[in-house]
Amino acid sequence: MGPGRVTHRFTAPGCLLFEPYAVCAYYGADQSVTAGGELDVRVSEDGRVLEVTGRPHPHTEEQDGPVLAYPLGVRVRHDATPGRHTDGWAVIAGHSGSPLRATVLEPGATLKE
């Protein structure tokens, strides 16, 4: 049955902007992926806030995998400074929020594993 329609609100770290894109998918232990249904996606005028509303139903339908994921569309701001940006925030279905962080690399830098 699930919780019904819920809204998730994401505030991007200052170096990022949201694109009006989000999907919901269930990932299974067997590496299967099942679409999670249609979402209403809204981005604020300045691109910093993304609201995603949908009807998740984790572990309530046979095809649901153990992991529910919401891939979101983001891009780096043209004026972003290199470094770690820690001023983002996520509020999932009205619950207490969690911080969102992003790191902007210097031009030409690569990620180290």
Side-chain angles (χ1 to χ4, degrees):
M1 181 95 177
R5 288 185 61 79
V6 296
T7 297
H8 310 311
R9 182 180 174 95
F10 304 92
T11 302
C15 61
L16 298 178
L17 296 173
F18 285 111
E19 296 289 335
Y21 170 82
V23 295
C24 174
Y26 298 90
Y27 291 80
D30 61 356
Q31 298 184 2
S32 63
V33 179
T34 304
E38 291 188 30
L39 301 173
D40 295 322
V41 179
R42 201 175 98 227
V43 176
S44 64
E45 226 175 274
D46 67 359
R48 291 274 327 271
V49 178
L50 172 71
E51 289 186 347
V52 179
T53 302
R55 189 188 78 77
H57 43 82
H59 308 293
T60 59
E61 297 185 13
E62 187 176 319
Q63 75 274 10
D64 293 351
V67 176
L68 173 60
Y70 285 89
L72 308 174
V74 296
R75 62 185 161 92
V76 176
R77 291 173 50 134
H78 73 280
D79 60 349
T81 57
R84 187 165 202 176
H85 299 260
T86 61
D87 57 336
W89 201 251
V91 177
I92 306 299
H95 292 276
S96 61
S98 297
L100 293 177
R101 297 179 291 271
T103 301
V104 176
L105 302 176
E106 293 280 350
T110 59
L111 291 174
K112 297 178 183 169
E113 294 185 15

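Numbering of residues begins at 1 and proceeds along the displayed sequence. Heavy atoms only: backbone and side chains are in, while hydrogens, waters and symmetry mates are out.
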Colleague: Looking at Ala90 and Phe10, what are the two nearest heavy atoms and their distance?
Modeller: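 Heavy atoms of Ala90 and Phe10 come nearest at CB-CD2, 3.7 Å.
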
Colleague: How long is the straight-line distance from CZ of Arg77 back to CG of Leu17, given to the nearest 0.5 Å?
Modeller: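 CZ of Arg77 is found 5.5 Å from CG of Leu17.
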
Colleague: I want to check something: taking the side chain as every heavy atom from C-beta on, are Thr86 and Arg84 in contact at a cut-off of under 4.5 Å?
Modeller: yes

Colleague: Of all the heavy-atom pairs spanning Thr7 and Glu51, show the shortest one and how long it is.
Modeller: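 So the minimum-distance heavy-atom pair works out to CG2-CB, 4.2 Å.
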
Colleague: Would one find more than 12 heavy atoms of other residues, nucleotides or ligands at under 6.0 Å from atom CD of Glu38?
Modeller: no

Colleague: Using every non-hydrogen atom in the two residues, find where Tyr27 and Ala69 come nearest and quote the distance to one decimal.
Modeller: CE1-CB, 3.5 Å

Colleague: Provide the full list of ring pair (Phe, Tyr, Trp, His ring centres under 6.0 Å) pairs with a residue in residues 67-95, sequence neighbours left out, each pair given once.
Modeller: His8-Tyr70

Colleague: Indicate the atoms forming the closest heavy-atom contact of Gly14 with Asp87, along with that distance.
Modeller: N-OD1, 2.8 Å

Colleague: Taking only residues two or more places apart in sequence or in another chain, which ones pass salt bridge (charged side-chain N to carboxylate O under 4.0 Å, His left out) with Asp46?
Modeller: none

Colleague: Would you say the side chain of Val49 lies within less than 4.5 Å of the side chain of Arg9, judging by non-hydrogen atoms?
Modeller: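 Yes. Closest side-chain heavy atoms under 4.5 Å.
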
Colleague: If hydrophobic clusters are built from ILVMFWY residues whose side chains come within less than 4.5 Å, do Val91 and Leu16 share one?
Modeller: no

Colleague: Which heavy atom of Thr11 sits nearest a heavy atom of Leu100, and at what distance?
Modeller: O-CD1, 3.7 Å

Colleague: If I take atom CZ from residue Phe18 and atom CZ from residue Arg42, how far apart are they, to the nearest 0.5 angstrom?
Modeller: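 Spacing of CZ (Phe18) from CZ (Arg42) equals 13.0 Å.
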
Colleague: What is the distance from atom CG of Leu105 to atom OG1 of Thr110, rounded to the nearest 0.5 Å?
Modeller: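 Leu105 CG to Thr110 OG1: 8.0 Å, rounded to 0.5 Å.
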
Colleague: What's the shortest heavy-atom distance between Val43 and Pro20, and which atoms?
Modeller: CG2-CA, 3.5 Å

Colleague: Sequence neighbours left out, what passes side-chain contact (heavy atoms from CB on, under 4.5 Å) with Ala22? Give chain and number order.
Modeller: Leu39, Val41, Val52, Leu72

